[in-house]
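Lettering of chains follows the sequences in order, A, B, ..., and the numbering in each one begins at 1.
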Amino acid sequence: MSKRLFVGGLPWAVDDHALQDHFAGFGEVVSATVIRDRETQRSRGFGFVEFASDAEAAKAVDDLDGTEMEGRQITVSIAKSPGV
DNA sequence: GTTGAGCGTT
């Protein structure tokens, strides 16, 4: 099952909470993580969101991919490394 | 105090 989404193009200001909150309206977000630098801990501008079901994940991809978040266009797609 | 394609961390 592919429930994890790759989210790119995020503004620098976005954090885990903002990411989860943005996807929460499409289904149950199991986890939302913004990848940040190991040393400076600044946002790398992309992250991962895991939904409770693949249907919700697919819905979020269909509705949010190519749209804007906080004024910046974001990329939403099924992530690699499937959760199976 | 910056940057802008891609696929992390336990």
Side-chain angles (χ1 to χ4, degrees):
Chain A
M1 308 286 274
S2 301
K3 295 174 292 190
R4 269 187 299 201
L5 308 183
F6 167 79
V7 185
L10 296 173
W12 314 121
V14 77
D15 58 5
D16 295 355
H17 179 72
L19 189 63
Q20 175 167 354
D21 197 58
H22 195 78
F23 282 79
F26 296 88
E28 182 183 347
V29 178
V30 178
S31 64
T33 308
V34 174
I35 308 306
R36 37 200 159 81
D37 190 272
R38 291 290 290 177
E39 301 176 10
T40 69
Q41 294 193 319
R42 289 182 188 176
S43 173
R44 287 191 186 176
F46 74 93
F48 294 90
V49 177
E50 183 175 4
F51 275 92
S53 79
D54 54 347
E56 294 170 342
K59 175 67 174 178
V61 172
D62 194 51
D63 285 3
L64 293 181
D65 181 37
T67 64
E68 290 187 359
M69 181 176 181
E70 303 295 321
R72 301 302 173 190
Q73 187 180 69
I74 63 176
T75 298
V76 183
S77 60
I78 302 298
K80 301 175 181 175
S81 302
V84 188

Item checked: Residue pair A:F51 / A:A57: nearest heavy atoms and the distance that separates them -> CD1-CA, 3.7 Å

Note to self: If you assign each of A:S43 and A:T33 to its closest nucleotide in DNA chain B, which residue comes earlier from the 5' end?
What the structure shows: A:S43

Item checked: Shortest non-hydrogen contact from A:S2 toward A:D54 -> O-CB, 3.6 Å

Check: How would you label the contact of A:R38 with the nucleic acid (heavy atoms, under 4.0 Å): base, sugar-phosphate, or nothing?
Finding: sugar-phosphate

Next item on the list: Find which nucleotide of DNA chain B each of A:W12 and A:S77 is nearest to by heavy atoms, and output the residue with the more 5' nucleotide.
Entry: A:W12

Margin query: Using the rule given for side-chain contact (heavy atoms from CB on, under 4.5 Å), can you reason through A:T75 versus A:D65, listing the C-alpha separation, both sets of side-chain angles and the distance that settles it, and then say yes or no?
Written below: CA-CA 5 Å; A:T75 298; A:D65 181 37; 4.1 Å; yes

Next item on the list: For A:I74, answer base if it contacts any base atom (sugar-phosphate contacts may also be present), sugar-phosphate if it contacts only those atoms, and nothing otherwise; contact means non-hydrogen atoms under 4.0 Å.
Entry: nothing

Check: Where does the chain A footprint on DNA chain B start and end, counting 5' to 3' with a 4.0 Å heavy-atom cut-off?
Finding: B:dG1 to B:dT10

Notebook entry, point to check: When we call it a touch if two heavy atoms are under 4.0 Å apart, what does A:T75 touch: a base, just sugar-phosphate, or nothing?
Noted result: nothing

Next item on the list: For residues A:G9 and A:I74, report the shortest heavy-atom separation together with the two atoms involved.
Entry: O-CG2, 3.9 Å

Notebook entry, point to check: Which pairs pass salt bridge (charged side-chain N to carboxylate O under 4.0 Å, His left out) with one or both residues in residues 34-44 of chain A, sequence neighbours excluded?
Noted result: none

Check: How is A:R72 classified with respect to the nucleic acid when contacts are heavy atoms under 4.0 Å: base, sugar-phosphate, or nothing?
Finding: nothing

For residues 11-29 of chain A, which side-chain donor-acceptor pairs fall under 3.5 Å, sequence neighbours excluded?
from: A:D15; atom 1: OD1; to: A:H17; atom 2: N; distance (Å): 3.4
from: A:D15; atom 1: OD1; to: A:A18; atom 2: N; distance (Å): 2.8
from: A:D16; atom 1: OD1; to: A:V34; atom 2: N; distance (Å): 2.6

